[in-house]
Peer 1: 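Handing you this structure, nothing more for now.
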Amino acid sequence: VQLQASGGGLGQAGGSLRLSCVASGVTLSAYDMGWFRQAPGKEREFLAVIRSRSRAGTRSYADAVKGRFTVSRDNAENTVYLQMNSLKAEDTAVYYCAAGRNQILSSLWTERGYAHWGQGTQVTVSS
């Protein structure tokens, strides 16, 4: 499984960015797809997950981004997105997408729930 995250860059506080995660060699809808971020000097942080098609594509968000970030999947494009609105300076981090298969939702809130990771894309929010 190879994941390629893109769409990062410089955003303005209060603005929006959309990240994409494209997969090769696999069908993303068969996986639980998560988004994480890691700011300098901090641990990697769970943001959002969209479950596999067999799990009805249900979504779960961290409190820090609930109501601002939206995870979605385009099965035809085999791509998962993270729409980030109302950006804040503290959203500055490297963002990662990850793929896993896990029966327990709470496992997907941690790095251990994922077997495959993309390379990360930098998001910088200026205030």
Peer 1: Not counting sequence neighbours, which residues clear side-chain contact (heavy atoms from CB on, under 4.5 Å) with Ala115? List them please.
Peer 2: none
Peer 1: With sequence neighbours left out, which residue pairs that include part of residues 17-39 fulfil the ring pair (Phe, Tyr, Trp, His ring centres under 6.0 Å) condition?
Peer 2: Phe36-Phe46, Phe36-Tyr114, Phe36-Trp117
Peer 1: Between Gln119 (side chain) and Ala5 (backbone), is there a donor-acceptor pair under 3.5 Å?
Peer 2: yes
Peer 1: Does anything in residues 14-64 pair up under disulfide bond (SG atoms under 2.5 Å apart), and if so which pairs, sequence neighbours excluded?
Peer 2: Cys21-Cys97
Peer 1: Would the distance check show the side chain of Arg68 and the main-chain N or O of Ser86 forming a donor-acceptor pair, the cut-off being under 3.5 Å?
Peer 2: yes
Peer 1: Should we say atom CD of Glu90 is surrounded by more than 12 heavy atoms from elsewhere, each under 6.0 Å from it?
Peer 2: yes
Peer 1: For the OG atom of Ser127 and the CD atom of Gln12, what is their distance to the nearest 0.5 Å?
Peer 2: 9.0 Å
Peer 1: Please list all pairs meeting ring pair (Phe, Tyr, Trp, His ring centres under 6.0 Å) that have one or both residues in residues 75-97, counting only residues at least two apart or in different chains.
Peer 2: none
Peer 1: For residues 26-41, pull every pair meeting salt bridge (charged side-chain N to carboxylate O under 4.0 Å, His left out), keeping only residues two or more places apart or in separate chains.
Peer 2: Asp32-Arg51, Arg37-Glu45, Arg37-Asp91
Peer 1: According to the salt bridge (charged side-chain N to carboxylate O under 4.0 Å, His left out) rule, which pairs have a member within residues 5-22, sequence neighbours left out?
Peer 2: none
Peer 1: Ignoring hydrogens and geometry beyond distance, is a side-chain donor-acceptor pair present between Thr27 and Ser29 at under 3.5 Å?
Peer 2: no
Peer 1: Which heavy atom of Gln83 sits nearest to which heavy atom of Ser16, and what is that distance?
Peer 2: NE2-CB, 3.8 Å
